[in-house]
Structures are given as C-alpha cells and as structure tokens.
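A short write-up of the structure that comes next.
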There are 2 protein chains.
Amino acid sequence: MRQEPPPPSPTLEDVAKAAGVSRATVSRVVNGIRNVDSALQDAVRQAIAATGYVPNRAARSLVTRRTGSVALVVSGADDESASFPVEVFTDPFFGRVVGGIVGFLRPRGIHPLLMFAETAEARAQVLTALRQGEADGALLVSTHAADPLPRLLAEAGLPAVLFARPAEPVPISYVDVDHRAGAKLAADHLVARGRKRIATISGPLDVPAARARLAGFRDAMAAHGHPFVPSAEGGFTAESGEQAMERLLAEHPGLDGVFVANDLMAQGALPVLRRHGLAVPDDVAVVGFDDSSAATSCRPPLTTVRHPVEDMAAEMARLLLEHVEQPEHRPASIIFEPALVVRASS
Amino acid sequence: MRQEPPPPSPTLEDVAKAAGVSRATVSRVVNGIRNVDSALQDAVRQAIAATGYVPNRAARSLVTRRTGSVALVVSGADDESASFPVEVFTDPFFGRVVGGIVGFLRPRGIHPLLMFAETAEARAQVLTALRQGEADGALLVSTHAADPLPRLLAEAGLPAVLFARPAEPVPISYVDVDHRAGAKLAADHLVARGRKRIATISGPLDVPAARARLAGFRDAMAAHGHPFVPSAEGGFTAESGEQAMERLLAEHPGLDGVFVANDLMAQGALPVLRRHGLAVPDDVAVVGFDDSSAATSCRPPLTTVRHPVEDMAAEMARLLLEHVEQPEHRPASIIFEPALVVRASS
DNA sequence: GACAACGGTGAGAGCGATCCCCGATCTCTG
DNA sequence: CAGAGATCGGGGATCGCTCTCACCGTTGTC
C-alpha cells in the first residue's frame, strides 16, 4: 500500500501519449501486430523503450481471462510423509519431467506454478487456486495411480493433462508410454540373452499400466515360442517385489530370467535372489521398468525400460496449451515409445 | 475466446445481489472482515456458497497491485549444461529448499512460481516476468557465488531474498548459515577424534563463505592449541579438491585429519587419499561441509556440516513476504546455526 | 466518376475486484 | 430525549488492459 518514492510504472496510456497514438494502437503493437502502419509501429516501439513500459499482467488477464501460466501439480496419495516434496524432488524422474516442461514452456514465456496435492486439503487448495484463475490449467504428475485429482479436475472443467493414464477412466488428456512395447523390449532382450525359463513379476492388475505390461510381455514371449509365462502379482512396492520373487522361486526354482514390472519391485527382488544363492545376471537375468532412481542404486544396476520422459513432459505442456486455447477440444492421449537401457543385471 | 456453454462464473456483484447487500459488503466479508454485522456476514456467506463464488485474482491484483505469489528462481552460472534443471532437481538440497518454502507458503495459500535463470537471456526473462507483476518477489537460490541476478534484482527494486550471502555486497536480504560456527564444529569433532595433524582444504577465497569457513576453522583449531593449520585453496569443485589434496599430502604427508570446505571437494579428495594408501577414516579422518548428495554418495559416506536448509528456506519466504508488505523495509540477513552429521569418514 | 471495399485508427465500454468517502443507523451521554 | 460520536453499508471511481465498433481515407472496379 505504501507507495511514496517508486514512480508509478508507465501504462499503455502513457506510451500512447508519448507516441502520439491511441491506447488501442499501442496495444496492437505490443500484442500480435495486426494492421498497424510500420511508421506508427516504430514510433510506438520507441515510446515503449523510452518509457520503459511493461504490460501489466493482471490488467491483461482481467480482460482476456487468461493468466498465461500453468500449474505443475505433484500429486500423491494421502499417506505421504511430511517430507513429501523432498522425496519427489530427489527422484531424477521428476527432474526430467520439470526439464521437459520448462524446455517447452520457457520459449513461450510461461512459468510453471508449483503445487503439491498430497492430502485432501491440499487438493482442495489446488482446485481453488485453479478456479480463481491462478493458472490456466494443470499439468498433473501423480505418484499413485488411484489419485482422485484427475477426476476432480475433469469435473471442475479445468484444462489438465496427466502424466500416465488414470486408473479409472476420466475424460482428461494424458501422455503415456507404450507399456506393451516396453514389455516387448524386455522380453526380446531376455530371449536374446539366451534365457529359457523366464518369469515375470507384474504390477497390481487393477492398474491399467500393470495389465498392459503383463499382456505385452506375454504376447512377446508367446511370439518367441513361450506360450506360458509364470507370473506373480506385486503392488509396485519393494516389499511386494520381494514377496512376489519368493513365490516365483518357490514354484519355479529353475528360472533364469525375470521381467519385473517396475524398478522398485526389482529392487526388492534382487536381495531375494541373492539369498537363494542365485547370482545376477549369471544365474538369473533381471529387467526392470521405469529407469527410476532405484534402477541405478540397485546392485547390480538394473537393465530397465526407460520412458522418454522429457518428450512426454513437453508434450503434456503442448497439449495443455492447446486445451487452454480451445476449451472445446476433446481429451487426447499421446503414447510414446520406450527404450531399453541395458545395465549389469542382464 | 470461445465461450459458449461455460456459464460465466459468479462475480461479487452476483453474490451481493443474492445476499441483498452491496459489493463492498461482500468484499469485506471475503477479505479481512472489518465492521460487518454478523447477520449480514451469514447472509453473505450463504450467498457465496449458493453461487459458488470464487474471487477473481486478476481483478484483485489489478487494484491491490499484488499477485499473491512469489517466484522461486534457480539461478546458475552461464556455463550450465542443457540438462540444468534435471541436475538441480536431483540434488536433495534443492528438494529441502522447496520443502521449506512450500511448508511456509502453503498455509498462506501461496504457490511458488518456478523460474530458471542460468543464462543472460533467462535472467532477462525472469526480470521481465517480475516487472510485469507475475510474482510479488523472488526467492533466489544460486548455484554459483558470482551470480549477477541479485544485483539485477536489487537495481530493479524488486523484493527478493537470497539463499546465501552474495559474493559482492548487494543491498538485498539473505539467509545464510553461520560458516564460522560450522567450521568450528568440524574442528572440535576432529580434535575430539584424537587427530593431531589436521589440515584443511578451503574454498575459493574470493567467496565470503569460503573465507568464513577457513577463518572459523583456524580460530577453533587455535583454541585447541593448534595455532597453525596447513591449508590448500580449492575452487569448490571435485577436481579442485583432488588437486588441493595432492598439494596438502605433498607438503604434509603425515596428516591424519582434513576439513574440506565443501562435500564436492571432499568427494574429489577421497580417491587421492586412497591412492596414497591412506585409509579413511583410520589413517585420515575427513569432514566435509554442506551435507549435499555428494556426502552420502561418497565411499565412505562423509561426516559433514549440515545447514538447517528447511528452516532457512522458510525464513526466506517469511522475509520476502515481509518485504512485499513493507517495501521500505531495509535488507536483512538472518544467520542459522549448522549441525554436524557424523558418518563413516571420521 | 461514383460507389464499394478495405486497411488502419481511435473512442469508449467493459473485465471484476478494492477502497475511499459519505450518508444512515445505532449507541451512549448529559 | 436530543445530539454527538461511533459504527456500518453503499455508491462510485478506479486499476490497466483488450476489444468491438464506428469512422476515415485510400484504392479498386464497373
């Protein structure tokens, strides 16, 4: 409220006066220059430079009903610990997401607004912020498949794009990786490594991605002449991977290759193999999925299926801006091809 | 622009009509309730609930000249690689900063706007964004001491708070850790461990923090009866730590303890000790500074001096809001006490 | 040569909030 | 019970911008 010395920053009006034209003309020059005489354009530009004018975003937003910024929402399940942000930020995966998003948005002069939605209260705050017009839309990265936020966003009619397909069908755009193709990469790799008795640890089968990875793996193995592939269902956590590995070994002690549907479960599975006296990769080759931080911190480091995260993140941003431009646009889903990263575990 | 079906969201006017009062009264209720009859308050609240009203931030900002959001600027030197954001995000340090900032801002309904300023162009973009009123002020985390952004912000008269004291004096608020006290912790620890021939690798002595750590270490050692402490100057990088360690060993082959002024240099120093056949910590105890990701990824993990990063980050946010409220407020600097984290290297 | 068409410009009406200021009501005192 | 003071509510101006629309001069066409 105090505003004694700071000279009020120049407005369109001031620039118009300095250039000897009307506000409207200055506005035209500042924005997409539409039908303005080039002599006047120069005059306006000089006046802008002379006055040091910068447009006031609030005033602009008020009339355009756009803010020109987007929210980057990191959403988790409700059981997150207090150190939630730290964990997320430490994961290279999230860094890659941010990198991809920023890489796309920055040339367009857009900065992401960082929001966390790990509790019901936080989710409500995010929705309110979005409804208030703090951002034009949301880029949502969920750490859990059963995140309720996608549905809430869709119901509120707020433009949003998800990283990964939501567990329940929600009319909302998302980018995802081709899980089937990724699983096929793993299958082809294990077979190429000469493995004969190959099994898999799947994710929770109520998660679409987990089903797709399992189906893709089975199809690929069938194509390689292995119509039946033993499998154990896990829950995408390290402990569940541990248990699933135990079950698999109990039933198929002779296996020499495992495709584990995510790195975290693989991280849990490795010690189990070791305990059973099985060397990785000599006795059993292990392939994970995600190329998360777990993959590199494992011993041995994990061969895994890597998402083109940066590209996916950039596409999220592109999609979101498209939706902001054209609200009537139908939800879209863009699928990306994964790549195999070969490390010491296979 | 297209806006066919979406019913225009209710405005203050609508709520006022529904409640049978004036806009001003509704506004009073929505904001700090000042002198509004409680019966009317209830009526207004009901009307708000009934209409589903949410205030329009743009309109509010236009008159209050506040956005109610702050920028979190991650600033680097110009030589940063293209993968800049990824690297930063992977460092737990930054996660802790974000955690501290978010922890403070969230209860106040404020979301940080994420900006990167690793090139001159990016810096200009940040300044423009701030001048346009995209955020009320900036929280600046520099990865390099010689960052030009603090000065630019100060000159533009934009509210800002730095993490760590700037290399050159700039009239701007900052939080920092008590480097002298941290160095003293390291000194006390090494002495307590029974080390007798203690040396130190300092940071670049044109950086205030490096000078303070060296001075603090020397003072503390002097108090322990070691008036002379051998030292070698490094540049806060792993390679410089390596070279400094070589120099130290060449001159003082019998040393049994080293305080290295940051973890990165310590990371470089460890292999040198190993190459010289010196075991850590048995032959030489090593203490770092920062508790960065380098500290835990070292072999052995590093005993180090840890900043209370979360507290510092929260204080940054608090200071910034204070400056936004009271622009005439003088720059302040708040100093925090570090703590020693003992790991295997000492 | 007159009329239509069109590119270029300016005037003015908002966008949706805040807040100043004045008038109305209420309360308390002499 | 009247008047002063305090409290409370409403009207209206205002923030800085965009955008519609009307206007004007020029050019093209029949």
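The CZ atom of R65(B) sits 12 Å away from the P atom of dC19(C) (whole-angstrom rounding). Taking atom CZ on R131(A) and atom C1' on dG16(C), their separation rounds to 18 Å, with Å as the unit. Q41(A) has its CD atom 9 Å from the P atom of dT9(C), to the nearest Å. The CZ-P distance, from R60(B) to dC15(C), rounds to 19 Å in whole Å. The separation between E13(A) atom CD and dC17(D) atom P is 10 Å, rounded to whole Å. Taking atom CG of residue L12(B) and atom C1' of nucleotide dC19(C), one finds them 12 Å apart after rounding to whole Å. Between N56(A) atom CG and dT18(D) atom C1' the separation is 13 Å, expressed in whole Å. The separation between L40(A) atom CG and dG7(C) atom P is 17 Å, rounded to whole Å.
Checked for salt-bridge contact, R108(B) and E325(B) miss the test: no charged N lies under 4.0 Å from a carboxylate O. Ion pairing between a basic and an acidic side chain is recognised when a charged N comes within 4.0 Å of a carboxylate O; K17(A) and E13(A) show no such pairing.
Between S142(A) and L149(A), every side-chain heavy-atom pair lies at or beyond the 4.5 Å cut-off.
In this structure, T11(B) does not reach the dG16(C) phosphate: none of its side-chain N or O atoms is under 4.0 Å from OP1 or OP2. The side chain of S27(A) contributes an N or O atom lying less than 4.0 Å from OP1 or OP2 of dT18(D). Contact between the side-chain N/O atoms of N31(B) and the OP1/OP2 oxygens of dT18(C) is found at a separation under 4.0 Å.
Where D37(B) and L62(B) meet DNA chain D, the nucleotide closest to each residue was compared, and D37(B) sits on the side nearer the 5' end. Sequence order on DNA chain C of the closest nucleotides to T25(A) and A58(B) puts T25(A) first from the 5' end.
Of the candidate nucleotides dA11(C), dC15(D), dA17(C), dA17(C) has the atom lying nearest to any side-chain atom of P55(B). Side chain of V63(A), nearest nucleotide from dG16(D), dC19(C), dA17(C): dG16(D).
In this model, a side-chain donor or acceptor of R28(B) finds a partner on the base of dG10(D) within 3.5 Å.
Residue R23(B) is in base contact, counting any heavy-atom pair closer than 4.0 Å across all strands shown. Residue-level contact check: V21(B) touches the backbone only, with heavy atoms under 4.0 Å from sugar-phosphate atoms and none from bases.
With respect to L158(B), the side-chain contact (heavy atoms from CB on, under 4.5 Å) criterion is satisfied by exactly one of I172(B), D136(B), V126(B), L127(B): L127(B).
In this model, no donor atom of one side chain and acceptor atom of the other lie less than 3.5 Å apart for T51(B) and D14(B).
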